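Data block below; observations after.
Bear in mind the structure is a predicted one, so any value in this text is a computation, not a measurement.
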Amino acid sequence: MRLQPDEDALEFAAAVRDLLSQTCDAQALRAAWDSVGQGASGRDDGRVPGLWKRLADMGVAGLVVPEELGGAGLDLTGALPVFVEAGRAALPEPVVGTSVGAALLTQAGGAVAHEWLPRVAAGEAVLALADGHDALVVGGQWADLFLLGDNDGVRAVARDDVDVDSAPSIDPGLGLARVRVHAGAGAPVDNADGRRAFDWACVAVAGELVGLARAMLDRAVGYAKVREQFGKPIGSFQAVKHQLADVFVATSFAAPVVNRAAWSVAHDLPTRSRDASHAKYAAGRAAAQAARTALQVHAGIGYTYENDLHMWLKRTWSLASQWGTTDWHKDRIARELLGG
Amino acid sequence: MRLQPDEDALEFAAAVRDLLSQTCDAQALRAAWDSVGQGASGRDDGRVPGLWKRLADMGVAGLVVPEELGGAGLDLTGALPVFVEAGRAALPEPVVGTSVGAALLTQAGGAVAHEWLPRVAAGEAVLALADGHDALVVGGQWADLFLLGDNDGVRAVARDDVDVDSAPSIDPGLGLARVRVHAGAGAPVDNADGRRAFDWACVAVAGELVGLARAMLDRAVGYAKVREQFGKPIGSFQAVKHQLADVFVATSFAAPVVNRAAWSVAHDLPTRSRDASHAKYAAGRAAAQAARTALQVHAGIGYTYENDLHMWLKRTWSLASQWGTTDWHKDRIARELLGG
Amino acid sequence: MDLTVDAAREQWRAEVREWLAANVPAEPLPSLDTADGFAAHRDWERRMYDAGFAVVTWPERFGGRAVDLLDWLAFEEEYWAAGAPVRVSQNGIFLLAPAMFEVATEAQLERFMVPMARADEVWAQGWSEPGAGSDLAALRSRADRVDGGWRLNGQKTWSTRGTFADWMFGLFRSDPRSLEAGSSRHRGLTYFLLPLDADGVTVRPIRQLDGEPGFAEVFFDDVFVPDDQVLGEVGKGWSVAMSTTTSERGLTLRSPGRFMASAERLLDLVRRTPQASGRAVDDAVDAWLDADAYRLYVLDTALRAMAGEQIGAESSANKLFWSDLDVRIHDAALRLLGPAGLLTETADARWLDGYLFSLAGPIYAGTNEIQRNVLAERVLGLPRA
Amino acid sequence: MDLTVDAAREQWRAEVREWLAANVPAEPLPSLDTADGFAAHRDWERRMYDAGFAVVTWPERFGGRAVDLLDWLAFEEEYWAAGAPVRVSQNGIFLLAPAMFEVATEAQLERFMVPMARADEVWAQGWSEPGAGSDLAALRSRADRVDGGWRLNGQKTWSTRGTFADWMFGLFRSDPRSLEAGSSRHRGLTYFLLPLDADGVTVRPIRQLDGEPGFAEVFFDDVFVPDDQVLGEVGKGWSVAMSTTTSERGLTLRSPGRFMASAERLLDLVRRTPQASGRAVDDAVDAWLDADAYRLYVLDTALRAMAGEQIGAESSANKLFWSDLDVRIHDAALRLLGPAGLLTETADARWLDGYLFSLAGPIYAGTNEIQRNVLAERVLGLPRA
């Protein structure tokens, strides 16, 4: 009985972290952001060239694709540490969207799954979830197949059958797009549980937010150790110490909530949705606090575009807002706890 | 055009403050609290013996009673500084209940007013407002006349026509009682505006809360200057400094809101109720923050009954809860601002 | 990550639940901080002991059941959910006992553990002194070597349970030179166990916020303590005490079950308060979620401890979280209750009692300011001022 | 306490409102932090000047209307309620001008005030240096005496408007010995006015969070400044600057009208967001109330200042309050907008812009940590560390 991820999962995530520290450092991330609007098609705007292929080679693209279809065959508890690393790097790649799409298709099985999952695992196809026929979609700019959930179930809609307009946002590395699905387009994905997929995505994003919070805390602590004012490092001032300690506490207490939610979703427990919302809420709150504090500790330099911090801030604000805002998730929990 | 009270009002309040610093210091207050349950009738439980008479001689009992009926004839803007002083001293006397009752009767005029107001000004009769036929009443233990507001207007009910049961609470100096009015008892007070009286009371209590907040801030600052840990005064630690600075800010920004509300109520402006609620909300919030901080700065010693601080804490918690809680007042404002 | 629950643990939980359902007093006991209440709580501890539930993590030879941390957490959840009394023996069984099991002699274990578990001997703590609250290393009460033992002089304060307890554990300065400039003040302290009825001991109750004597000042005037009442090595009291305060801040001081039970009661209060302010309801839901988060965090810590990891300064995070949480739970409740929540003789008055108690949380066992310093310096590695 | 409004003030307010209604651009101007936007804002200032509304508190001979603080507050309320552009000349008219009116020579006033008011000369500030942010007294950029003036060397940073501005005001160390141990570092600083196109000046734009060059680094390489561009006495620059920063933190930097207008827009946003979370709505109401409280506090301060009271370190309270308020207003708005609030090319994107701008509030003009120190030490009298 453990709340921590398995050793194997942690080892895999460590390997991902290594790769990202080499291929997606702040400089690469900055270049990816600056690429927006520079390419011809815009299809890969904001991404790190060649990185998805390398991630696919490691097994990240097919993280949750069954082994018999070429994937790593992990469930959400095993995949979670990878999402934490994606957050830590503010990774501008469709790792969550593709994974949750793959999880949905794996759960449903059938023709669509068998057609697409091998391509997903090979890094040749990217997926995205769409919440309605006219929606803002994270990774929508990049996706080859859209899994559209509505009251009638889930439909798989190829990119040719949707209109995709990039939606310029504060976070150019999110592939955010407004996606309009043509009437009657796509094929139904029988047996697909769209609600569970939504919860799955919430937990994955919560994992990213935990990684983001840790990364911002590390940055702020590192800066507080070297930046001097009044003749000493600002990290020796109690006001700075206490703000950072509070971020450490918030982040430390969010992580087990996210881990638990991964378990609940993976095992489809009765508390699945509540646990998933709790994860998104706790991680979103902690990451927002980490962002505020990191900026305040960096002060002027943190407010510049030249400093790298801002990319983590913007990713945090974006993810805290996407997949149900922090407020929305708490309201969902409150309705369940209290009725009404 | 001023938001500060007039010079005259401030001078009068300063005289009240002087009197209270001599007659209602912490020792007298402690003795008053300890008197509860010791007397025969319980009528004056929790009060400072003889103090009401001295306050009446100064003009506090008849603060808002018209001059022709023996009072000082102040409106709420003039009376407010006295309530601030009452708060600062955590005064266990019916100064707000009597004043708001007098304000109500003065506004209504008529037989009840002419019968009772001279006695009020002389310190011979104490008033209390009751919100319903079976209500917890601040100062109910001490009152000679109850002004009962309900949907049918306001009735004046003498003590003989009500059942008064002391309601032991965290604040023995509040005269809190459960008051049950006998069916059909009392006489109607024609033309009385019970709603305005309620707003009036809220502002007066907000004034008390400002005084309480300032008193607790002063105590905490004073203690932080002398208490040493790690070889220096705890007030030299940034964590302590910043908590106290935040209390100063909260208190400083509450005071003008309360002053403005006094003006709005005194002149029965259209924004009267909203301004009164804003006053109660802002002052209640600031005082609650002052209480938490004062306790944390005092640490262990503040948690003792022997230290005087607890009497201010308990008065703060009581007044923040009475006359509409802080939450209730904000909700009332929200309904007005947003409808619904 | 395997969160499945096995049958043996479920059976243990059921056994605990069943016994509590049959034995927890229907009416709350009188306050622990009154003589009557103290006696009633002592009786309750004996009943627990006789049923084998007083010290479930201890070895069986001292009346324990030798259960692991997970079963202990389950026990605590059931205990508080059942509305069982607060533990009068808490100082002994949760704060002293871990240090005893680490460094006590066999003779000391034989002498002290069972009376502690049965609450025949209730323990008070003797840490703080008037000049040493947050700055514990500044302790001045001294122990002077005499034939066969030590003579204690000085004063302790904030001694929880001090008014009615039988024994005290505490630190005294056995090497006065350790206070001199240039010395490490942590050195030269020795950990003593002593009866509060010894000659030369004077106990002065301190009334706390609610007016009850929850703690005491204790004065020592040439109090003789024999050598066999020294716990651990002479001069090494600080490290013995740290093992205690680590457990105090860590797992054993505030088990999640307590906060989960309060948070559930808080939701009940929301449900029966239809006119509640949305803000208060929202704060109640926040508090419930954070109680759940606290449960998960402690569970995670327990699992890591069972896997052999050392739990260190992160326990300060624990203390910051639960002490803040406890205040928020009770603050939300009082706001839901409105003016009635401040009455002292009603069925809901336990919320008020709980609120007052919660306000001590950010102060005792190391103020939250100190805990933040600890986290910043020892975990995050920020420089000392 | 007389809060009645007299007819003359009402007439002034009506005049302002009427002019704004007729003249405020229907479409928002492009961002101040772009070359086009800067020019457009400069044009707007000239239009204001021509109508007599650019510098309403100034003497008439410099284009002002000599109105008092209350009329200024009314002007500001109307200005922001009308959705008028941000003030490109703000550094000059609100930060430099108060110091000028206090210590400038008549010749300097003649030379600088009207071009400042017309935005013919837009001013940038030169306070911070890479090693001196919160610790302003640690400034190292130096001024060396030469024939007829001074030579400046060093570097400034966080120079707001520095990218497109014409002139800069700032502090330079004219007495290098004042940095030596034992000296007061505040001494030996002199306040200079200099054109940013002078020989030896290099301006490097700094992109801020939103990617636009809202401020700049400015490098000085043997820049000659004649004596008549020294403001106040040589070596007394610190006290001249303090008169500026007092007004910066005090009344003139952030007038209440700005926050009232934002808060009103926030309530509008609530009204058109029926699915809003109760928490976000509650936070919006809180923010509105605090904007109202800020208005009353500043009004009170203005009334006291007009009555002759000296406004001192309490202005730190002001800065703490508005900077926190501004973040909360925009945070609530973004939460109400949800994911759409993070889009950059929508009608609601001004909330996002405003949020990013608000985050700088707790940092510039003295971080909020420094402001809390100031309050604690200078107002509450707590000891320095």
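Annotation: maximal heavy-atom pairing with chain C below 4.5 Å, among Ala255(A), Ser236(A), Ala266(A), occurs at Ser236(A). The greatest number of non-hydrogen atom pairs below 4.5 Å with chain C, out of Ala250(A), Ala254(A), Ala245(A), is found for Ala245(A). Of the listed residues Pro233(A), Ser252(A), Gly235(A), the one with more heavy-atom pairs under 4.5 angstrom with chain C than any other is Gly235(A). Contact tally against chain C (heavy-atom pairs below 4.5 Å) for Val240(A), Asp331(A), Asp246(A): the top residue is Asp246(A). With respect to chain A, the highest number of heavy-atom pairs below 4.5 Å among Val281(C), Leu375(C), Asp292(C), Val379(C) belongs to Asp292(C).
Ring planes of Phe198(A) and His329(A): parallel class, angle under 30° (limits at 30 and 60°).
Within the cation-pi definition used here (under 6.0 Å to the ring centroid, within 45° of the axis), Arg65(C) qualifies as a partner of Phe53(C). For the pair Arg265(C) and Trp351(C), the cation sits on the ring face: its NZ or CZ lies under 6.0 Å from the ring centre, inside 45° of the axis.
Looking at Leu337(A), both its backbone and its side chain come within 4.5 Å of chain C, counting heavy atoms on both sides. Neither the backbone nor the side chain of Asn368(C) has a heavy atom closer than 4.5 Å to any heavy atom of chain A. Only the side chain of Leu320(C) comes within contact range of chain A, judged by heavy atoms closer than 4.5 Å. Only the side chain of Glu377(C) comes within less than 4.5 Å of a heavy atom in chain A; its backbone stays farther off. Heavy atoms of Phe237(A) lying under 4.5 Å from chain C are absent altogether. Contact annotation for Asp218(A): neither backbone nor side-chain heavy atoms come within less than 4.5 Å of a heavy atom of chain C. Heavy atoms of Phe253(A) lying under 4.5 Å from chain C belong to its backbone as well as its side chain.
The number of heavy-atom neighbours closer than 6.0 Å to CD of Glu18(C), taken from other residues, nucleotides and ligands shown, is 12 or below. Annotation for Arg271(C): atom CZ counts as buried by contact number, over 12 foreign heavy atoms lying within 6.0 Å.
Taking the side chain as every heavy atom from C-beta outward, Trp288(C) and Glu264(C) approach each other to under 4.5 Å. Arg196(A) is not listed as a side-chain neighbour of Trp200(A), based on a closest heavy-atom distance of 4.5 Å or more.
The salt bridge (charged side-chain N to carboxylate O under 4.0 Å, His left out) test with Arg328(C) is passed by exactly one of Asp331(C), Asp326(C), Asp324(C): Asp324(C).
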